[in-house]
Structure formats: structure tokens, C-alpha cells
Amino acid sequence: MISSAVLFSALELGCIYALVALALFLSFRVLNIADMTTDGSFTLGCAVSATVAVAGHPFLALPAAMAAGACAGAVTAALQTKLKIPSILAGIITNTGLYTVNLAVMGFSSNVNMMKNPTVFTAMQPLLGQLYKLLPTALVTALAAALLVVFLNTRLGLSIRATGDNPDMVRASSINTGFTITVGLSVANALTALSGAVLAQYQKTADISLGSGMVIIGLASLIIGETILPHGKLWRRALGAVLGSILYRFIMALALRLDLPSECLKLISAAIVALAIGLPAIRRPKVKGGAQC
């Protein structure tokens, strides 16, 4: 049996990591760019959030982390649009450089401990009681998803969506695709950094390795969400990303309850992604015989 504590933890972590799924929805699905900056941006959000929170400003830490993540996304976009570096390679270059940046933000220490410092969650505990972690994370995720949907329906958001669909047509319409890509990647990495910022204060610690494998986790959540809600309007697709993240954390919670070694979690994540991607092919009925003329 899964205890209520495990269920609450899965919901809380699902909401936190849903921000990464929303970020990958924007970069991977809307912009059609495989952004490999995700791991570094997530750790950057953790590092900035922990450092600012230790300085006594836990609420300021969240927008500060988002600003730092947006800068990381802008660097990746500049490498791609100005230097004409392929998108995957541009993300890898930025991600590699962010390792040193993240260490510098944390005072060249591999981790920052916040056990003795106030966080957003400890500030909410007197008001919300036992839900002092779940409600803030759910609120942040719901607000981020709603604002992302609203943003993508604005004129600039429609230009970003058009850039992902047909960049040649966008250029023919005198729209600067370099600008739309920069804005899109900046927003995506701001969401990723926000996820890291919330997680750091949730766990009361930031570690240089927290962002490792974040692309896999985000893709697993996104693809599971697309399997649950495969088609529909923009808000439905964003909701699918959030639900996919929560379901992913429940699957991981079940795996932990089976007493599987922690070393197997990455393999489980990879298996979940492979299964989610291959599910449409598995469900598709096989056609018997050859095609008839």
C-alpha cells in the first residue's frame, strides 16, 4: 500500500517537475527545437534560489532564478541564431558552460544547505498547515501553465508558434525568427529554472548534480501527458504536460515502493520514455496483407 505521505510527495514533486514539462512543451513542441540547456538551467535555478534564500530573501529567489534561466536560454538562442550553431549543439555548449556558472553562484561549493534558513514553504506553514507544500507548488504550476497559454495566444506568442511550424513562411512575413526563437527559449528556460528554484526550497538544499537527467524526466512527463490528452487546444496540451508529470511521479513512487535500487531509477525513466513514445505504435492495429490497388 502507498501511504498518504507518499501520495502527497508524488503530487508535490509532480507539480514542481511539471514546470520542466511545460518548458519542453514550449521548446520541443511549439518551437520544434531540442533544447539541451534544460539540465544546466534547472541547476542554475536551484543555485540562484538557494543562494538568494540563504541571504534572507526566499520569495525574491523565485523571480531571480527565472531571470537567470531566461539569460541561459538567450545564450543558447544567440549561439543558434547569430553563430548558426545547430540547436542541439548550442544547448550542449551552454549546458557545459553553466556547470562552472552554477558552481560560481554557489560560492564554488558543490551544494548549499538551507536547513537553518527560512523558505517559501516554511513561511506558508503557519497559514496552510499540512498543505503548506502542496498548495504553493500547485498554485505556482497552475499560474505558470495559465500564463504560458495566455502568452502563446498573444501576437508574439502566435509568431513563436508560427516559427516552430514554418520558419520560412514567418521570414516571408517580415517577422524576425531570431527574435521569436530567443523569446521562446528564454521563456522555456525561465520555467525550467523556476522548477529548480522551487525544488531547492522544497528540499532545503541545492546540489550541482540536481539537474542531471532533467531532459529525460521532462520528456517522459510531456510524452505521457500527450498520451493522456493526445490532441486538442493549447490549454488542453498544457494540462496534459502537467498531468503527465504527476503521473510520472506516481510511477516513480510505485517503483520506489517495490524496493528497487536507487541506481535503477534512470533506467526506469528511460523505459517510461520509450514506452510512452512507442505506445501509439503498440496500440495501432496491424494491417493484414498487402495494399490493394
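Since this is a predicted model, take the numbers as computed values, not measurements.
For Leu147, the side-chain contact (heavy atoms from CB on, under 4.5 Å) test picks out Leu143, with sequence neighbours left out. Partners of Arg29 according to the salt bridge (Lys or Arg N to Asp or Glu O under 4.0 Å) rule, which considers only residues two or more places apart in sequence or in another chain, are Glu226. Residues satisfying the side-chain contact (heavy atoms from CB on, under 4.5 Å) criterion with Ser173, sequence neighbours excluded, are Ile175. Every side-chain contact (heavy atoms from CB on, under 4.5 Å) that Ala64 has, sequence neighbours left out, goes to Val48, Val52. The side-chain contact (heavy atoms from CB on, under 4.5 Å) test applied to Leu152 returns Phe25, Leu26, Val30, Leu148, Arg161, Leu234, not counting sequence neighbours.
Shortest non-hydrogen contact noted between Ser49 and Gln201 is OG-NE2, 3.1 Å. For the residue pair Ser27 and Leu185, the shortest heavy atom distance occurs at CB-CD2, 4.1 Å. Across all non-hydrogen atoms, the minimal contact from Leu22 to Thr141 is CD1-O, 4.4 Å. For the residue pair Ala144 and Leu191, the shortest heavy atom distance occurs at CB-CD2, 4.0 Å. Contact detail for Ser195 and Val20: the closest heavy-atom pair is OG-CG2, 3.4 Å. Pairing each heavy atom of Asn176 with each of Gly178, the nearest pair is OD1-N, 3.0 Å.
No side-chain heavy atom of Thr81 sits less than 4.5 Å from a side-chain heavy atom of Phe179. Looking at Leu19 and Thr192, their side chains never come closer than 4.5 Å, going by heavy atoms from C-beta outward. Counting heavy atoms from C-beta outward, Thr38 and Asn95 have side chains that stay 4.5 Å or more apart. Between Tyr132 and Thr122, the closest side-chain pair of non-hydrogen atoms is not below 4.5 Å.
The cluster map of Ile, Leu, Val, Met, Phe, Trp and Tyr, joined by side-chain heavy atoms under 4.5 Å apart, puts Met66 and Leu98 in different clusters. Residues Leu60 and Leu62 fall into different hydrophobic clusters, defined by Ile, Leu, Val, Met, Phe, Trp and Tyr side chains chained together at heavy-atom separations under 4.5 Å. Residues Ile228 and Trp235 are members of one and the same hydrophobic cluster, defined by side-chain heavy-atom contacts under 4.5 angstrom among Ile, Leu, Val, Met, Phe, Trp and Tyr. Note on Val183: it does not cluster hydrophobically with Leu79, by side-chain heavy-atom contacts below 4.5 Å among ILVMFWY residues. The hydrophobic clustering, which links ILVMFWY residues whose side-chain heavy atoms are closer than 4.5 Å, places Met214 and Phe28 together.
In terms of modelled atom types and a separation under 3.5 Å, the side chain of Asn153 and the main chain of Val149 share a donor-acceptor contact.
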Query raised in the report: Would Leu11 and Leu7 count as a side chain to side chain contact (heavy atoms under 4.5 Å, CB included) if you check the C-alpha gap in whole Å, the side-chain angles of each, and the deciding distance to 0.1 Å?
Result: CA-CA 6 Å; Leu11 280 172; Leu7 290 175; 5.6 Å; no
Report task. For side chain to side chain contact (heavy atoms under 4.5 Å, CB included), just list the numbers for Leu135 and Phe121, CA-CA rounded to whole Å, side-chain angles, deciding distance to a tenth of an Å, and then say yes or no. Result -> CA-CA 10 Å; Leu135 288 182; Phe121 298 102; over 6 Å; no
**Report entry** side-chain hydrogen bond (donor to acceptor under 3.5 Å, both in side chains) between Thr94 and Thr37, worked out
**Finding:** CA-CA 6 Å; Thr94 306; Thr37 320; 4.8 Å; no
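Other residues sharing the hydrophobic cluster of Phe108, ordered by chain and number and joined by side-chain separations under 4.5 Å: Val54, Tyr99, Leu103, Met106, Val112, Met114, Ile208. Ile88 belongs to a hydrophobic cluster with Met36, Ile92, counting contacts under 4.5 Å between side-chain heavy atoms of Ile, Leu, Val, Met, Phe, Trp and Tyr, direct or through other members.
Separating the SG atom in Cys15 from the CG atom in Leu134 is a distance of 6.0 Å, to the nearest 0.5 Å. With rounding to the nearest 0.5 angstrom, the CD1 atom of Ile216 is 11.0 Å from the OG atom of Ser221. Remark: Leu31 CG to Ile33 CD1 distance equals 4.5 Å, nearest 0.5 Å. In this structure, Ile93 CD1 and Ile85 CD1 are separated by 4.0 Å, a value rounded to the nearest 0.5 Å.
Screening residues 180-190 for side-chain hydrogen bond (donor to acceptor under 3.5 Å, both in side chains), with sequence neighbours left out, gives Asp35-Asn189, Ser41-Asn189, Thr163-Thr180. Under the salt bridge (Lys or Arg N to Asp or Glu O under 4.0 Å) criterion, no residue pair touches residues 37-59, with sequence neighbours excluded. For residues 5-23, the side-chain hydrogen bond (donor to acceptor under 3.5 Å, both in side chains) pairs, not counting sequence neighbours, are Glu12-Tyr202. Residues in residues 181-204 take part in no salt bridge (Lys or Arg N to Asp or Glu O under 4.0 Å) pair, two or more places apart or across chains.
With Cys46 as the fixed residue, the side chain to side chain contact (heavy atoms under 4.5 Å, CB included) test singles out one of Asn111, Thr51, Val105, Leu210: Leu210.
In this structure, Phe8 places its CZ atom where only 12 or fewer heavy-atom neighbours from other residues, nucleotides or ligands lie under 6.0 Å away.
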Hey, can you pull the donor-acceptor pairs under 3.5 Å for the side chains in residues 244-254, sequence neighbours left out?
unit_1	atom_1	unit_2	atom_2	d
Ser245	OG	Gly14	O	2.6
Ser245	OG	Ala18	N	3.1
Tyr248	OH	Ser269	OG	2.6

